[in-house]
Number of protein chains: 2
Amino acid sequence: MSQTVDRALSILPLLAEGPANLEQVAGRLGVHKSTALRLLRTLHEHGMVYRQGDQRYRLGARLFALAQQAVENLDVREIAHPHLVELNEKCGHTVHLAVYEENEVLYIDKVESRYPVRMYSRIGKPVAITVAAVAKLLLADLPEAERRALAEKLDYPLYTSRSTPNATAFLAELAKVREQGWATDLGGHEESINCVGAPIRGADGRVVAAMSVSAPNVVVTAEELLTLLPSVRRTADAISREYSGNTPQKDQ
Amino acid sequence: MSQTVDRALSILPLLAEGPANLEQVAGRLGVHKSTALRLLRTLHEHGMVYRQGDQRYRLGARLFALAQQAVENLDVREIAHPHLVELNEKCGHTVHLAVYEENEVLYIDKVESRYPVRMYSRIGKPVAITVAAVAKLLLADLPEAERRALAEKLDYPLYTSRSTPNATAFLAELAKVREQGWATDLGGHEESINCVGAPIRGADGRVVAAMSVSAPNVVVTAEELLTLLPSVRRTADAISREYSGNTPQKDQ
DNA sequence: AATGGGTGTTGCACACAGTGCAACATGAAC
DNA sequence: GTTCATGTTGCACTGTGTGCAACACCCATT
């Protein structure tokens, strides 16, 4: 829509790949050096990019601060956090909270496992959307048309032999998840890691977030993990109740 | 420099305070609704803002992903992390890693305390620059002129009775820190929390990052925490060695 | 010191992208 | 149905962003 802003914003993902100098930026944007310079200066003034010792540009500190504030403003997160901690204290495993936004599912909170073997993930990181339990929960609740369109558009990378292979299988899985009200990921992302998750609903019944408990095979088997399902669901329901109660007419 | 981009970027901190609708954005930017609409659309296309159910705008998911990638590209962090974990396993307290950038000090990594009483902090959050041990370490190494200029420009909020009160006191503290090669924060930010930190240096001897161990009074006294100083310094030195070794002529 | 290549930076004239206005949609409230 | 509040579109104008070319700077190399 706005050419200048469009160009400026295109610089950010470019720099996210690694530092770059003026000419490289200009080259990849397809604009004159002087144009790139002015854009970078503006970004710099706003703290979005940072100029390191060798004059190359990197993403800047303000970006962190903004992402930080953004995540703190999510009221689901605020409400859910103590419940997640409580569940973690009971079972000891990693607990995740995720939301869906614009064709992506991302973690917005995490309580670390108390076992020494931990799974890698980080708040803000987009989730493996075709296999993660939380992703299934969130997508299962989308309106039919949107869900179908998204499923067609996705890639289905075969992380493991148990990954969701294609759109048809994914839509079937989503139907099942919607039916039963909970979801699992049994080695679909990493061979040795299993998850079990449940949805968090707003006052209108729509799924606003999803949570899951994850643990590696070496700590508990899939069957043992599944015995946690009732407490996961209880936790998710408690969060739903509190969330609906606190925001009676607000939507999200 | 670039009016359009400047305006667009000004929207982000505004939305960071909380969701806002078109008119509020236009009002606070001092531009016409239609102008604000076009800017928001461009931001939206890039995933920087998100339009929630009630049509109000919020900060978007891409912001997290970008901040995420940015932090993963910092090679100090990469190298330091296992050392921080090791130190945490030895002493059990919260371990922080921070860098200085454009008049701000911010945490780029953190290993949580294994004690139930934890201090609040989060990766990406700017540090209380006038009192934190890591901030003192990073600022103490700035060139004289820059250090002085920054000290004059800062605010000196009195978080507690032991907070640094003004620029003179701060510069004196920085001189001391530079002299001794380590720093503390004894209840300067929160009455009951103490920290002890050490600098991480690049091949040229300049301080590139700083780390610290923090613990609340109720867990260990300040004196007990200070007994950890040798292992904190040893950890910092180990990181320095590895960082200098791996990046012999690269600067940052 | 002097030369040269590789950078980043500045000033300027032109034109087109961004602007604000006013008219138009939309949808909620009553 | 009417009113109000809010988001959206089309359009003419001009001011902002553009690319160019000249300039400044740094550091190698001789």
Side-chain angles (χ1 to χ4, degrees), chain A residues 1-12 14-15 18-60 102 143 202-204 206 247-252, chain B residues 1-12 14-15 17-60 101-102 143 202-204 206 247-252:
Chain A
M1 285 275 121
S2 167
Q3 190 190 57
T4 322
V5 177
D6 185 50
R7 286 171 169 176
L9 293 179
S10 303
I11 292 177
L12 299 177
L14 196 153
L15 290 183
N21 66 18
L22 178 62
E23 235 179 9
Q24 296 169 315
V25 172
R28 293 200 45 185
L29 274 189
V31 300
H32 196 265
K33 283 191 302 176
S34 58
T35 304
L37 180 67
R38 253 170 304 114
L39 295 175
L40 281 165
R41 279 211 185 127
T42 312
L43 288 168
H44 181 93
E45 268 170 24
H46 286 259
M48 305 293 284
V49 308
Y50 169 67
R51 193 149 202 196
Q52 52 184 32
D54 56 357
Q55 293 210 109
R56 292 190 303 166
Y57 295 88
R58 276 208 295 100
L59 292 182
E102 314 260 324
D204 53 0
R206 295 291 309 275
T247 58
Q249 69 276 59
K250 224 165 114 190
D251 51 26
Q252 138 106 356
Chain B
M1 285 274 118
S2 167
Q3 189 189 58
T4 321
V5 178
D6 186 49
R7 286 172 168 173
L9 293 178
S10 303
I11 292 177
L12 298 177
L14 194 153
L15 290 183
E17 294 168 22
N21 65 17
L22 178 62
E23 232 179 12
Q24 295 169 316
V25 171
R28 293 201 45 185
L29 275 189
V31 301
H32 195 266
K33 283 190 301 177
S34 57
T35 305
L37 180 66
R38 253 169 304 114
L39 296 175
L40 281 165
R41 280 209 184 130
T42 312
L43 288 168
H44 182 91
E45 267 170 25
H46 285 259
M48 305 293 283
V49 308
Y50 170 68
R51 193 149 202 196
Q52 51 183 35
D54 56 357
Q55 293 210 105
R56 291 190 303 167
Y57 294 89
R58 277 208 293 100
L59 293 181
E101 180 174 291
E102 316 259 321
D204 54 0
R206 295 289 310 272
T247 58
Q249 70 277 57
K250 224 165 114 191
D251 50 26
Q252 141 104 354

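Order of the sequence lines sets the chain letters (A, B, ...), proteins ahead of strands, with each chain counted from 1.
Comparing the axis of the opening five pairs of the helix from C:dA1-D:dT30 to C:dC30-D:dG1 with that of the closing five pairs yields an angle of 50°, rounded to 10°.
Between D:dT18, C:dT9, D:dG7, one nucleotide has an atom nearer to the side chain of B:R51 than all others, and that is D:dG7. Ranking C:dT9, D:dG17, C:dT19 by closeness to the B:L39 side chain, first place goes to C:dT19. Across C:dT9, D:dT16, C:dG18, the shortest atom-to-atom separation from the side chain of B:Q3 is found for D:dT16.
For the pair B:L37 CG and C:dG18 C1', the computed distance is 13 Å after rounding to whole Å. In this structure, B:N21 atom CG and D:dT8 atom C1' are separated by 14 Å, rounded to whole Å. For the pair A:Q55 CD and D:dA24 C1', the computed distance is 12 Å after rounding to whole Å. Regarding B:H44, its NE2 atom lies at a distance of 11 Å from the P atom of D:dT8, rounded to whole Å. Atom CG in B:D6 sits about 14 Å away from atom C1' in C:dG18, given to the nearest Å.
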Report task. List the protein contact pattern of nucleotides 20-30 of chain C with one symbol per nucleotide (5' to 3'): B for base contact, S for sugar-phosphate-only contact, - for none; contact means a heavy-atom distance under 4.0 Å. Result -> BBB--------
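The phosphate of C:dT10 (OP1 or OP2) has a side-chain N or O of A:R41 nearer than 4.0 angstrom.
Of the residues near DNA chain C, A:E23 and A:T4, the one whose nearest nucleotide (by heavy atom distance) lies more toward the 5' end is A:E23.
A heavy-atom distance below 4.5 Å is not found between the side chains of A:L12 and B:H46. Considering only heavy atoms from C-beta on, B:Q24 stays 4.5 Å or farther from B:P19 through its side chain.
For the salt bridge (Lys or Arg N to Asp or Glu O under 4.0 Å) condition, the pairs that include at least one residue of residues 27-47 of chain B, sequence neighbours left out, are B:E17-B:R28.
The OG1 atom of B:T42 sits 9.0 Å away from the CD1 atom of B:I11 when rounded to the nearest 0.5 Å.
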